[in-house]
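Reading through the structure tokens given below for one structure.
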2 protein chains.
Amino acid sequence: MFSYRYPRPSLTVDSVVFGIDEGSDGVCQLQVLLIKRKDDPHKGHWALPGGFVQVSDDGDQGEDLEDAAKRELLEEAGIKVDYHEQLATFGRPKRDPRGRVVSIVYYALVRSKQHVAKAGSDASRASWWPASEALRELRRHKTFDHDEILAMALKRLRAKVRYEPIIFGLVPREFSLSELQSVYEAVLERPLDRRNFRKRLLAMDLLEPVGERETGGRKAATYTFDRKNYDMQVGRGFQFAL
Amino acid sequence: MFSYRYPRPSLTVDSVVFGIDEGSDGVCQLQVLLIKRKDDPHKGHWALPGGFVQVSDDGDQGEDLEDAAKRELLEEAGIKVDYHEQLATFGRPKRDPRGRVVSIVYYALVRSKQHVAKAGSDASRASWWPASEALRELRRHKTFDHDEILAMALKRLRAKVRYEPIIFGLVPREFSLSELQSVYEAVLERPLDRRNFRKRLLAMDLLEPVGERETGGRKAATYTFDRKNYDMQVGRGFQFAL
DNA sequence: TCAAAAGTGTTTGAATTACACCCATGA
DNA sequence: TCATGGGTGTAATTCAAACACTTTTGA
């Protein structure tokens, strides 16, 4: 047993974590988690959370990439995500001044931002930024290539939300249709017709009614996403769409 | 200037290269390029082409990931691709018996398979396999996780071909509509209505007529894909769709 | 009884599908 | 003149978009 004899790059995982901020007026906003870097490079600047993957050539060979991303999120910002998927890998030479670093980037959705934003390990702070402001901030300081990464993640999220039911990773387990619609509108950055939205969602038969909830006016019915049923329908060739 | 002090994985790039085989009867078939490995692990078995990325912590830090993938294809199989895009990164522990190896996988399309399949460097042979047979072969021998990779690439190609004009990376620069349709049918594995297909493609106004060609019957008009016009239309919010 | 948000149906136009016939060409 | 593949048009249906009123509830 021997390992390959080639120069090796450093390997990191970074995460673009999306959350929803529900304003007191009920208007939702798409947000992104940034951490303030404790160390160089880019010390003191805001960046995407991430860190090194624990690897080895012996024994169990270290941790899985996705586990590494989750671990870093927990360490740096104290959060647990509800949806997690690989975005892409960024490895352009010179993206890190100190050596060749290749970063595998994940994007993640969190339902509740309750216990989030306690800083830890490499971060002196962790906080939520409105998506567009985060993008501006990363561009302003040219923090690695994190601006490009965030731009790609936003594009992917907006595309994906329309043909896969990942939106449910951004709302509480129980939600009303209006709430769900607000989240869609925050992600897509455009208004949706309430009646058509309702018709569409209910017609797909993926929502299970679970109760009702007080609102400013009439009580709203609440639902959960019925993943069992979704998986079954997908098996029959069903395709989710907005 | 110093580099990060963490254990590092080996880094490879692999490629899933798709091509079209036009049978003498005009029926097209989707194919995948496999190489026969010269060395362990999996010596003598068919696998996806790929190899190590040249990296360094000093100077220019080595080659870009995409360039590495292209270089390996040229070295191992003597081919130049017409479309190249990142698929995903595979880095599960134990996927390579000799140490932690993380592989960034690209998928590529070639228009013409003319000068392809001369073997080189790590490959004792390089040849084209019908997509489904290639998948079976990779599954049979459990060659790394290449079966999973190919399955993902196939899924991605089939999805992508419907909403981005990448199909033109699989046909000659000049093609007839029937030819284009045959390629779509090979990729999607289902028949398309000839009249609706024609209407749809011509209506998008992306094909530039360039001449005509002899066939078994009446002459067929030939076209090229007008990328200039496509880019312009995309700028105006146009969305390609099958 | 008023404001605020939930809930419901219908009409219209656009897009997609299904489908059948004529045309040019070379053998 | 026949077989082969290229080329075109239309009707039927389905899907998406636009749109307005009624209901419940708490203040």
Side-chain angles (χ1 to χ4, degrees), chain A residues 22-28 159 161-163 171-172 174-186 188-224 233 237-242, chain B residues 22-28 161-163 171-172 174-186 188-224 233 236-242:
Chain A
E22 192 171 351
S24 52
D25 54 350
V27 177
C28 289
V161 100
R162 297 190 49 191
Y163 59 91
V171 292
E174 283 191 29
F175 52 86
S176 69
L177 283 175
S178 307
E179 197 177 358
L180 192 65
Q181 181 179 344
S182 300
V183 174
Y184 263 113
E185 290 175 332
L188 297 175
E189 289 187 307
R190 68 182 160 90
L192 300 172
D193 182 88
R194 188 163 49 90
R195 297 156 289 198
N196 293 334
F197 177 79
R198 224 156 237 286
K199 224 182 304 172
R200 172 64 71 103
L201 265 289
L202 292 175
M204 285 193 283
D205 196 33
L206 299 173
L207 304 185
E208 196 171 357
V210 284
E212 42 183 36
R213 161 197 301 179
E214 306 290 323
T215 72
R218 180 176 173 172
K219 280 190 189 109
T222 57
Y223 302 85
T224 53
Q233 290 197 51
F238 168 79
Q239 171 73 39
F240 180 91
L242 169 56
Chain B
E22 192 171 349
S24 51
D25 55 350
V27 177
C28 290
V161 100
R162 296 191 49 190
Y163 58 89
V171 292
E174 283 191 30
F175 52 84
S176 68
L177 283 174
S178 306
E179 197 177 357
L180 191 66
Q181 181 179 344
S182 299
V183 173
Y184 263 114
E185 290 176 332
L188 296 175
E189 289 187 306
R190 69 182 159 91
L192 301 172
D193 182 89
R194 188 163 49 93
R195 296 155 292 200
N196 293 334
F197 177 79
R198 226 154 237 283
K199 226 181 307 171
R200 172 62 72 102
L201 265 289
L202 292 175
M204 285 192 284
D205 197 32
L206 299 173
L207 304 186
E208 195 171 356
V210 284
E212 41 183 37
R213 162 196 300 179
E214 305 288 326
T215 70
R218 182 175 173 172
K219 282 191 188 109
T222 58
Y223 302 85
T224 53
Q233 290 198 53
R236 296 199 202 107
F238 168 79
Q239 170 74 40
F240 179 91
L242 166 56

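Letters A, B, ... mirror the listed sequences (proteins, then strands); counts begin at 1. We use all heavy atoms of the structure for the numbers below, so side chains are in, but hydrogens, waters and symmetry mates are not.
No side-chain heavy atom of B:Val171 sits less than 4.5 Å from a side-chain heavy atom of B:Tyr223.
Note: B:Tyr163 and A:Tyr163 have tilted aromatic rings, judged against thresholds of 30 and 60 degrees for the angle between ring planes.
Here A:Thr215 pairs with A:Ala220 under the side chain to side chain contact (heavy atoms under 4.5 Å, CB included) rule; sequence neighbours left out. A:Arg213 pairs by the salt bridge (Lys or Arg N to Asp or Glu O under 4.0 Å) definition with A:Glu179, not counting sequence neighbours. In this structure, the side chain to side chain donor-acceptor pair (under 3.5 Å) partners of B:Glu185, at least two apart in sequence or on a different chain, are B:Gln181. With sequence neighbours left out, the salt bridge (Lys or Arg N to Asp or Glu O under 4.0 Å) criterion links A:Arg194 to no other residue. Under the rule for a ring pair (Phe, Tyr, Trp, His ring centres under 6.0 Å), the partners of B:Phe175 that lie at least two apart in sequence or sit in another chain are B:Phe168. Remark: A:Lys219 engages no residue in a side chain to side chain donor-acceptor pair (under 3.5 Å) (not counting sequence neighbours). Remark: A:Glu189 pairs with A:Arg158 by the side chain to side chain donor-acceptor pair (under 3.5 Å) rule, at least two apart or across chains. In this view, B:Asp193 and B:Arg195 satisfy the salt bridge (Lys or Arg N to Asp or Glu O under 4.0 Å) rule, not counting sequence neighbours.
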Pairs under 3.5 angstrom, nitrogen or oxygen only, protein versus nucleotides 21-23 of chain D, please.
| residue | atom | partner | partner atom | Å |
| --- | --- | --- | --- | --- |
| D:dT23 | O2 | A:Arg218 | NH1 | 3.0 |

For nucleotides 10-14 of chain D, list the nitrogen or oxygen atoms of the protein found under 3.5 Å from its nitrogen or oxygen atoms, one pair per line.
| residue | atom | partner | partner atom | Å |
| --- | --- | --- | --- | --- |
| D:dT10 | O4 | B:Lys199 | NZ | 3.0 |

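Rounded to whole Å, the distance from CZ on B:Arg198 to P on D:dG9 is 12 Å. Atoms CG (A:Leu242) and P (D:dC15) sit 16 Å apart, rounded to a whole Å.
Map B:Thr215 and A:Gly217 each onto its nearest nucleotide of DNA chain C; the residue landing nearer the 5' end is A:Gly217.
Residue contacts shown for A:Ser176 are absent, as no nucleic acid heavy atom lies under 4.0 Å away.
With a cutoff of under 4.0 Å to any heavy atom of chain A, the contacted region of DNA chain C is bounded 5' to 3' by C:dA4 to C:dT10.
Counting only Watson-Crick and G-U wobble pairs whose two key distances fall under 3.5 Å, DNA chain C forms stems of three or more stacked pairs at C:1-27 with D:1-27.
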